[in-house]
Amino acid sequence: MSADEVTLPLVDLSGYINPQKPGDKERVIAEVRDACAQYGFFQTTGHGIPMSQQKGLLKSIETLFNMPLEEKRKLSFLKNPCRRGFEESGASLRDGDALPDSKEAFYIGREDPVVEHSGFYGPNVWPPLPNAQFHDPVWQYYEATHKLGEIIWEILLLGLGHPISLMEEFAKRPMVVMKMIRYPPQAGDLPGQFGVGPHKDFGGVTVLLQEAGKHGLQVWHEGLEKWLPVRAMEDVYVINCGDMIGKWSGGRYKSAKHQVINAADNEPRLSCATFFHGDLFATNPLDPTDPERETVGALLVKRFRNQFSFDKELIAAVGA
Ligand SMILES: O=C(O)CCC(=O)C(=O)O
Ligand SMILES: [Fe+2]
């Protein structure tokens, strides 16, 4: 089989979310387990997020990024204590990248009234747009993908034979970060220019919406040693596991490398990734006997230490 013929598994989650007959849930659990073991990625229908919410979100993302650059810069995530807000095109450069990512992004997260724990908890920044144009559809969508991320975590736990009661601790005050993205049209044949360069997601479950028809995501398949293109289909989500899941599952679930090269002809590409990491102080639910007792917070601090500063109390509390 050539790489062009290999596609990510497509899982209908409705059998888990809304089971109709005995065995429905078990079938979904097994399909998700196999997909995450083999690819670290799958696509999904029956996820329960209405099209109207998806469309509302994409419209809001478009409105946001169409604001003048000067206005967007006032919302820079680099100036925000909770790392929420706007990331300019060209601001992300990974080790070994030839050129910085061309994408621009906007981050929101939990809405907590005060800044706590070095900004892992705290308020969002919102652009000066009418609530009906931005805040309301975006927040509604955040809550819907927050829920879906939690459901995927449950399925991953069940897939390894653990009870979902472990989610009570894990999802007590979960870190759920949402990244809205716009990729400019790919610049001709500029070598080394990616929308997002090759990377693995560092955390928990990623719930990804791609604008239908705007292809560009590619997933690295280790066995074939090839990039597999992932089609951006209407009402179909992409789910993938980050490094936290790879490590905490003892490699039973994969964290796969992926990248984005906007394939849309001379058009921008919109997407939105919701990353469900878990409570800052929670430890490994995928192996409750894991002696390391590493926390979600410790992993997040490790990941962002070079980019942001964290206070000593937080570092001690999460054991980083
Ligand atoms: O936009 C996409 O399709 C993927 C984005 C991504 O991989 C990321 O933001 O981590
Ligand atoms: Fe990613």
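Any value given below was found using the heavy atoms of this structure, including those in side chains, with hydrogens, waters and symmetry copies removed. Numbers here simply count residues along the sequence, with the first being 1. Atoms within a ligand are numbered from 1 in the order they appear, just like the ligands themselves.
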Pairs under 3.5 angstrom, nitrogen or oxygen on both sides, ligand 1 versus protein: list them out, please.
residue, atom, partner, partner atom, Å
ligand 1, 1 (O), Y183, OH, 2.5
ligand 1, 1 (O), R269, NH1, 3.2
ligand 1, 1 (O), S271, OG, 2.6
ligand 1, 3 (O), R269, NH1, 3.3
ligand 1, 3 (O), R269, NH2, 3.1
ligand 1, 7 (O), H199, NE2, 3.2
ligand 1, 7 (O), H258, NE2, 3.1
ligand 1, 9 (O), K179, NZ, 2.7
ligand 1, 10 (O), H199, NE2, 3.0
ligand 1, 10 (O), D201, OD1, 3.2

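The aromatic rings of Y237 and H47 stand perpendicular to each other, their planes meeting at an angle above 60°, with 30° marking the opposite boundary. Ring geometry for F310 against F308 counts as perpendicular: the plane angle is over 60°, on a 0 to 90° scale with 30° as the lower cut.
For the pair R83 and F120, the cation-pi test (distance below 6.0 Å, angle within 45°) is passed.
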Is there a salt bridge (Lys or Arg N to Asp or Glu O under 4.0 Å) between E211 and R182? Walk through the geometry before answering. CA-CA 10 Å; E211 198 183 358; R182 180 169 76 175; over 6 Å; no
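When hydrophobic clusters are built by joining Ile, Leu, Val, Met, Phe, Trp and Tyr residues whose side-chain heavy atoms come closer than 4.5 Å, directly or via intermediates, L8 is not grouped with I29.
Salt-bridge formation is not detected for the pair D243/R303: no Lys NZ or Arg NE/NH1/NH2 atom is positioned less than 4.0 Å from an Asp or Glu carboxylate oxygen.
Separating the SG atom in C241 from the CZ atom in F41 is a distance of 9.0 Å, to the nearest 0.5 Å.
Distances from the Fe ion (ligand 2) to each N, O or S atom of D201 single out OD1 as the nearest.
Angle subtended at the Fe ion (ligand 2) by H258 NE2 and H199 NE2: 90°, rounded to 10 degrees.
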